[in-house]
Amino acid sequence: MGDRELNLLLAVAEVGKLPQSKVTALSRFYETEPVGPVTQDNFFNAVLRLTTSLAASDLLAALQSIETSRFKRTRDIAWGPRRMDLDLLLYGDIICTDAALTLPHPRLHERRFVLQPLADIAPNLRHPALQRTITELLTALPATERVTPVKES
């Protein structure tokens, strides 16, 4: 919601301010159709790589704090409109399934809007559970989901 490109830029800046952390790569921005049952405007999506010494659970908490404090996110409507949604997709080679955190993100391999920007910065990265590269996962997806690079001004 709002100025989608500006929101992404602000989110990257906020993530870059996290303690013991540094943004080391950023994908292009993509305009994507929403996934899920709620009718809403298209999203802007991007992926960044972060070098951090924060534990995965602490990083997730920090991302959720950015969503709520900087972008005033509320979780009233599942899959509903929001100014920002920061997901932790991967954390090294860690595979984790617990109530608070699932790594890799459970639907990462099914979503072109995630895989396309991830392929920009890490095409040869292997999914820790599936042992396939991001490029291989992206190539295997049906072309039903529209993911379009945002034109640079």
Validation row: Leu90, His105 side chains within 4.5 angstrom (heavy atoms): no

Under the side chain to side chain contact (heavy atoms under 4.5 Å, CB included) test, residues paired with Ala119 that sit two or more places apart: Ile134, Leu138

Thr135 side, atom OG1; Arg126 side, atom CZ - distance, nearest 0.5 Å: 10.5 Å

Spacing of CG belonging to Asp87 relative to CG belonging to Leu60, to within rounding of 0.5 Å: 9.0 Å

side-chain hydrogen bond (donor to acceptor under 3.5 Å, both in side chains) against Thr102, all qualifying residues, sequence neighbours excluded: none

CG-OG1 distance between Leu125 and Thr133, expressed to the nearest 0.5 angstrom: 8.5 Å

Pairs satisfying side chain to side chain donor-acceptor pair (under 3.5 Å), at least one member in residues 139-148, at least two apart: Arg146-Thr148

Side chain to side chain donor-acceptor pair (under 3.5 Å) contacts touching residues 11-23 (sequence neighbours left out): Glu14-Lys17, Gln20-Ser53, Ser21-Thr52

Partner set under side chain to side chain contact (heavy atoms under 4.5 Å, CB included) for Leu130, not counting sequence neighbours: His109, His127, Leu137

Residue pair Leu8 / Val12, side-chain heavy-atom distance below 4.5 Å: no

Min side-chain heavy-atom separation Tyr30-Val114 under 4.5 Å: no

Side-chain donor or acceptor of Arg112 paired with backbone N/O of Leu141 under 3.5 Å: yes

Residues forming a side-chain hydrogen bond (donor to acceptor under 3.5 Å, both in side chains) with Asp58, sequence neighbours excluded: none

Can you give the donor-acceptor pairs under 3.5 Å from side chains of residues 91-99 to other protein atoms, not counting sequence neighbours?
{"from": "Tyr91", "atom 1": "OH", "to": "Leu54", "atom 2": "O", "distance (Å)": "2.3"}
{"from": "Asp98", "atom 1": "OD1", "to": "Ala100", "atom 2": "N", "distance (Å)": "2.9"}
{"from": "Asp98", "atom 1": "OD1", "to": "Leu101", "atom 2": "N", "distance (Å)": "2.8"}

Leu59 vs Leu18 side-chain heavy atoms within contact, under 4.5 Å: yes

side-chain contact (heavy atoms from CB on, under 4.5 Å) assessment of Phe29 paired with Glu5: CA-CA 8 Å; Phe29 291 1; Glu5 188 170 9; 3.9 Å; yes

Side chain to side chain, Asn42 and Thr32, heavy atoms closer than 4.5 Å: no

Full working for side-chain contact (heavy atoms from CB on, under 4.5 Å) between Leu10 and Arg70: CA-CA 9 Å; Leu10 291 171; Arg70 179 65 178 91; 3.2 Å; yes

Short side-chain to backbone donor-acceptor contact, Asn45 and Phe113, under 3.5 Å: no

Any residue meeting side chain to side chain contact (heavy atoms under 4.5 Å, CB included) with Val47, in chain and number order, not counting sequence neighbours: Ser27, Leu89, Pro117, Leu118, Ile121

Counterpart residues, side-chain hydrogen bond (donor to acceptor under 3.5 Å, both in side chains), relative to Arg49 (two or more places apart): Thr24

Residues in side-chain hydrogen bond (donor to acceptor under 3.5 Å, both in side chains) contact with Arg132, at least two apart in sequence or another chain: none

Shortest non-hydrogen contact between Leu6 and Asp3, atoms and distance: N-OD1, 3.0 Å

